2 protein chains.
Amino acid sequence: MERTKADPRVLRTRKLIMDSFIELSSKKEFKDITVKDITEEAMINRATFYYHFEDIYDLLEKVLTEVLSINLDYERYINSQLDEETISNIFIAITDFQKSLSHRCHRGYEDTIARIIREQLEMIFYKLLLKERPNDHEDGLKMAAVMLSWGIYGASVEWRRSSENQSPEDFMKQGIPYILSGLK
Amino acid sequence: MERTKADPRVLRTRKLIMDSFIELSSKKEFKDITVKDITEEAMINRATFYYHFEDIYDLLEKVLTEVLSINLDYERYINSQLDEETISNIFIAITDFQKSLSHRCHRGYEDTIARIIREQLEMIFYKLLLKERPNDHEDGLKMAAVMLSWGIYGASVEWRRSSENQSPEDFMKQGIPYILSGLK
DNA sequence: GAGAGTCTGTTGGATATACAACACTTTTGA
DNA sequence: TCAAAAGTGTTGTATATCCAACAGACTCTC
């Protein structure tokens, strides 16, 4: 399992499975969705599911990663600085993602979701930092990316907890100066 | 080629190919559609196309048969008599089918289309007759089905030639008594 | 707590699909 | 008119998918 990405059969099958899972998620809670449900909806054999995913939790993780990655749309920032606007956009993408999940029911998987968000953030920040400071030491940049990802994630938790009425942009503005000054 | 209908891979692939062909037909004339176009749209390998269809004309024929068969919806008549209403419904399905084709461009394939229509009609009429007169001789019923199919097809040609303003129902009413009296 | 039913994860063998390469024909356009 | 490009149809090999069957885990019900 987990081989080449190129074979069209593989792409097709994975898309069928993921789309079916997303479709089912809009009708049932995660805990009530079985592998059989998914493969029947996707019209693929159950054995084929296990060729691509370890189990249903692996699928959940990959679907969430995929959806979040589309939300974040890294390509957008390829030519941007790690400035106030970029951070604000990333923050908005995160809060949007969390809002979209709150409609579905993933109770009990908050920690998985949190980890996925942080992993994606870390990767994006690392790429941006590397582009911006190619001469810095890798380990330092990695550590900065880790801290940024935790910081932004924490901010999103705080935003949901206390101030959903405030726009994410305004909320984030309060914290950004501290983040940016730490990076100077 | 042309094996079992049961394998889900086969059903999936054929549907992908047929849907792609229908989609392309709404954008281009038939003569401008290549096998490569179809397989790229369907995201299947070109060699796989030839596993299922002899060539693009074979595909055209099978797609038309499929579409017409859905239009005719034989199941509807399973419990009906071969009466005025049934014949009228069948006639309407045929004229609808021909109208839907007139938007697409199949110039040069009118004879193919005519044959497909007659084959489908013949099959339906044979089934209906067999159910209605199980004691008659098979060959006689087959001949009756052949004549009915040619008759109905001819009527649809005449309808298109002379009186598209008249509703197919009204048009058909004129001929039905002759058909039914022949069957008594 | 025993039995029936459903779900999971795995396996071996059968088959459909992908791919690359080929010779051939048709179209294109300079 | 010629050469390059594009399309057709075929083949051999690799691999993804299907299928049937299995053992084990889990619910549910009596």
Side-chain angles (χ1 to χ4, degrees), chain A residues 1-25 27-64 66 105-109 112, chain B residues 1-25 27-64 66 105-109 112:
Chain A
M1 64 196 74
E2 212 55 27
R3 280 280 91 68
T4 91
K5 300 281 183 183
D7 192 320
R9 290 174 291 187
V10 170
L11 300 178
R12 219 164 36 223
T13 299
R14 291 195 182 162
K15 181 159 167 38
L16 282 169
I17 292 175
M18 289 189 165
D19 286 351
S20 301
F21 177 67
I22 291 172
E23 171 68 17
L24 286 173
S25 295
K27 297 184 193 150
K28 293 186 187 184
E29 294 193 29
F30 175 72
K31 72 173 177 51
D32 293 329
I33 299 174
T34 69
V35 172
K36 195 156 161 281
D37 290 337
I38 296 166
T39 57
E40 277 177 1
E41 169 94 15
M43 287 186 301
I44 60 111
N45 195 277
R46 203 163 54 83
T48 307
F49 175 93
Y50 291 101
Y51 182 85
H52 293 284
F53 304 96
E54 286 196 10
D55 52 30
I56 203 170
Y57 304 103
D58 184 36
L59 171 62
L60 171 66
E61 188 154 337
K62 285 180 173 143
V63 165
L64 290 179
E66 173 89 7
C105 208
H106 295 293
R107 257 172 313 189
Y109 302 96
T112 302
Chain B
M1 67 195 74
E2 212 56 29
R3 281 280 89 69
T4 93
K5 300 283 183 183
D7 193 321
R9 292 174 289 188
V10 170
L11 301 177
R12 218 161 39 220
T13 299
R14 290 195 182 162
K15 181 160 166 37
L16 282 170
I17 292 174
M18 288 188 167
D19 286 350
S20 301
F21 177 67
I22 291 171
E23 170 67 16
L24 285 172
S25 295
K27 297 183 193 150
K28 294 187 189 184
E29 293 195 28
F30 175 73
K31 73 173 176 48
D32 293 328
I33 298 175
T34 69
V35 173
K36 195 156 160 281
D37 290 338
I38 296 166
T39 57
E40 278 177 0
E41 169 95 14
M43 288 187 299
I44 60 109
N45 195 277
R46 201 162 56 82
T48 306
F49 175 93
Y50 291 102
Y51 183 85
H52 294 284
F53 304 96
E54 287 197 8
D55 51 30
I56 202 171
Y57 304 102
D58 184 36
L59 171 62
L60 171 66
E61 190 154 337
K62 285 178 173 143
V63 165
L64 290 178
E66 173 88 7
C105 206
H106 295 294
R107 256 172 311 187
Y109 302 97
T112 302

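The structure displayed is predicted, hence computed values, not measured ones. All chains are named by letter (A, B, ...) in the order of the sequence lines, taking the proteins before the strands, and each is independently numbered beginning at 1.
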Whole angstrom value for the distance that separates [atom2] of [N] from [atom1] of [X]:
X     : N      : atom1 : atom2 : result
B/L16 : C/dA16 : CG    : P     : 16 Å
B/Y50 : C/dC22 : OH    : P     : 19 Å
B/D37 : D/dA6  : CG    : P     : 13 Å
B/L11 : C/dT15 : CG    : P     : 16 Å
A/E40 : D/dC19 : CD    : C1'   : 15 Å
B/K31 : C/dT27 : NZ    : C1'   : 13 Å
B/D32 : D/dA6  : CG    : C1'   : 14 Å
A/R14 : D/dT15 : CZ    : C1'   : 14 Å

For B/I56, report the nucleic acid contact type (base, sugar-phosphate, nothing); a contact means any heavy atom under 4.0 Å. nothing
Return the 5'-most residue of the pair A/F49, B/I44 with respect to DNA chain C, ranking by each residue's nearest nucleotide. A/F49
Of B/I33 and B/A47, whose nearest nucleotide on DNA chain D comes first from the 5' end? B/I33
Check this one for me: any side-chain N or O of [X] less than 4.0 Å away from OP1 or OP2 of [N]?
X     : N      : value
A/R46 : D/dC19 : no
A/T13 : D/dT17 : yes
A/H52 : D/dT17 : yes
B/Y51 : C/dT17 : no
B/N45 : C/dT17 : no

Nucleotide nearest [X] (side chain, heavy atoms from C-beta), chosen from [options]:
X     : options              : result
A/K36 : C/dT8, D/dG7, D/dT11 : C/dT8
A/D55 : C/dG9, D/dA16, D/dG9 : C/dG9
B/R12 : D/dC18, C/dC7, D/dT8 : D/dC18
A/T34 : C/dA18, C/dT8, D/dT8 : C/dT8

Can you find a heavy atom in the side chain of B/T39 that is under 4.5 Å from one in the side chain of B/T48? no
B/V63 vs B/I17 side-chain heavy atoms within contact, under 4.5 Å: no
Treating A/R12 as the side-chain partner and B/M43 as the backbone partner, does any N or O pair qualify as donor plus acceptor under 3.5 Å?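 Indeed, once roles are kept as given, a pair shorter than 3.5 Å links the two residues.
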With a 3.5 Å distance limit and no angle check, can you tell me whether A/D58 reaches the backbone of A/D55 through a side-chain donor-acceptor pair?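 Answer holds: no.
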Just say parallel, tilted or perpendicular for the rings of B/Y57 and B/Y109, cut-offs at 30° and 60°. tilted
Is any side-chain N of the basic residue among A/E66 and A/K62 closer than 4.0 Å to the acidic one's carboxylate O? no
base_contact_polar (C/dT17 base, A/R9 side chain, donor-acceptor, <3.5 Å): yes
